[in-house]
Number of protein chains: 2
Amino acid sequence: MKNTKDQISDILRSSHLSVTDTRVKILELFMKSNGALEHSDFEKKLAGQAFDRVTIYRTLQAFIDKGIIHKIPTTDTSVQYALCRSECSAEDHHDHHVHFKCEECGNTLCLDDTDIPAIQLPKGYAAHNIEVVVSGVCKHCK
Amino acid sequence: MKNTKDQISDILRSSHLSVTDTRVKILELFMKSNGALEHSDFEKKLAGQAFDRVTIYRTLQAFIDKGIIHKIPTTDTSVQYALCRSECSAEDHHDHHVHFKCEECGNTLCLDDTDIPAIQLPKGYAAHNIEVVVSGVCKHCK
DNA sequence: TATTTATTTGCAACATTGTTGCAAATAAAT
DNA sequence: ATTTATTTGCAACAATGTTGCAAATAAATA
């Protein structure tokens with residue numbers, strides 16, 4: 001059984017990204033976290049550890065480009081990021097699961113086993129991607 | 001049949017908001033538009049007409065608070081706003097319709113007649129609100 | 001392993017977006 | 001017409017996101 005560091009190196013290498021401190025650290029945080037993270041979370045969690053704001057932006061963008069993480073839509077100006085499952089690739093982010101935002105703890109979760117139902121669009125509309133974000137109370141807060 | 005200005009005054013008054021130039025102008029833009037609008041749209045459309053940035057922020061927030069408009073989630077830092085239908089109120093934004101973002105024209109539309117299907121959440125999760133944003137190609141761009 | 005090459009990082013500077021307090025202007029109430 | 005309450009615009013600030021470039025680091029090569 002591989003340790004986390006090795007897993008992370010593998011993910012980076014298979015995405016053709018060099019293995020650097022920042023990238024390892026950020027992926028570690030994703031793997032430790034049970035929910036989505038946003039940019040400011042990284043600035044907080046990495047505070048004092050001398051990771052530049054700009055580097056965090058660029059790292060997250062690189063992970064998006066390579067299909068390692070995906071964005072979750074929000075109604076505010078924050079951008080939530082979560083790890084993709086293994087099936088995702090750079091070209092095709094098929095994260096066909098529901099996202100859940102808990103109004104109590106504020107956490108956003110990927111409900112990996114909750115499928116997105118088919119939606120009957122009006123005539124003339126073609127769907128490429130469907131995002132579902134449910135808000136409410138999660139099982140830990142109820 | 002009432003004209004738009006009168007309709008707008010009615011909406012504002014019934015929400016207990018004073019009828020001011022900025023509010024009328026912004027509601028007009030919403031009524032003219034066939035899709036969602038974001039803050040920067042107003043800065044552009046109202047450019048030269050001496051409406052302060054801050055006033056636009058406060059106007060949009062007031063409209064949200066009164067249930068006149070609602071936000072549509074996005075995966076970027078923009079915030080999209082669209083008119084609510086008459087059934088919405090300050091306490092209850094029940095906009096149970098699907099939102100559609102066209103990848104061609106960039107427009108975001110409310111598909112008012114497309115219902116959001118029921119979603120079976122895992123045990124322990126309680127849903128208060130469900131947001132569905134479909135992206136693809138709209139009927140005008142196909 | 002040492003050296004070269006390619007990539008990534010941190011810094012500085014800047015652009016954009018969102019917020020707050022307060023006096024002046026405007027709308028509503030009297 | 002006057003008073004009262006609300007809204008606006010300005011200034012100043014805070015937070016967030018972007019770009020160019022030299023220095024640092026990782027990967028590739030010898």
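Quick note on labels: first sequence line is chain A, next is B, and so on, each numbered from 1.
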State whether the side chain of B:Ser33 and the backbone N or O of B:Gly35 hold a donor-acceptor pair below 3.5 Å, judged by distance alone. yes
For B:Ser40, answer base if it contacts any base atom (sugar-phosphate contacts may also be present), sugar-phosphate if it contacts only those atoms, and nothing otherwise; contact means non-hydrogen atoms under 4.0 Å. nothing
Along DNA chain C (nearest heavy atom to each residue), the more 5'-positioned of B:Ser78 and B:Leu17: B:Ser78
Rounded to whole Å, the CD-P distance (B:Glu43 to C:dT17) equals 7 Å
Would you say A:Thr77 reaches D:dT16's phosphate, i.e. side-chain N/O to OP1/OP2 under 4.0 Å? no
Considering every strand and a 4.0 Å limit on heavy-atom distances, what is the contact class for B:Thr22: base, sugar-phosphate, or nothing? sugar-phosphate
Indicate, with yes or no, if the rings of A:Tyr57 and A:His39 have centres closer together than 6.0 Å. yes
Just call it for B:Arg23: base, sugar-phosphate, or nothing, with non-hydrogen atoms closer than 4.0 Å on any strand. sugar-phosphate
Using 4.0 Å as the upper bound for N to carboxylate O, is an ion pair formed by A:Glu28 and A:Lys5? yes
Residue matched to C:dT30 through Watson-Crick or wobble contacts both under 3.5 angstrom: D:dA1
D:dG20 - base-pair partner by Watson-Crick or wobble geometry, distances under 3.5 Å: C:dC11
Walking DNA chain C from its 5' end, the first of B:Val79 and A:Val54 to be reached, judged by nearest nucleotide, is A:Val54
Polar pair under 3.5 Å, donor/acceptor by atom type, side chain B:Arg58, base D:dG9: yes
Rounding to an integer number of Å, can you tell me how far A:Gln61 CD sits from D:dT19 P? 10 Å
Side-chain N,O (B:Thr55) to OP1/OP2 (D:dG9) below 4.0 Å: yes
Does D:dT7 have its OP1 or OP2 closer than 4.0 Å to a side-chain nitrogen or oxygen of B:Ser18? yes
With nearest nucleotides of DNA chain D determined for A:Arg13 and B:Thr59 from heavy-atom distances, which residue corresponds to the more 5′ nucleotide? B:Thr59
Is the distance between the ring centroids of B:Phe42 and B:Tyr81 less than 6.0 Å? no
In the structure shown, which nucleotide is the Watson-Crick or G-U wobble counterpart of C:dA2, with both distances under 3.5 Å? D:dT29
Taking donor-acceptor contacts at under 3.5 Å, does the side chain of A:Arg53 reach the base of C:dG10? no
A:Leu46 atom CG is separated from C:dG10 atom C1', nearest whole Å, by 15 Å
When you measure from the side chain of A:Thr74 to the backbone of A:Asp76, do you find a donor-acceptor pair of N or O atoms at a distance under 3.5 Å? yes
Nearest whole Å is fine: how far is D:dT19 P from A:Tyr57 OH? 12 Å
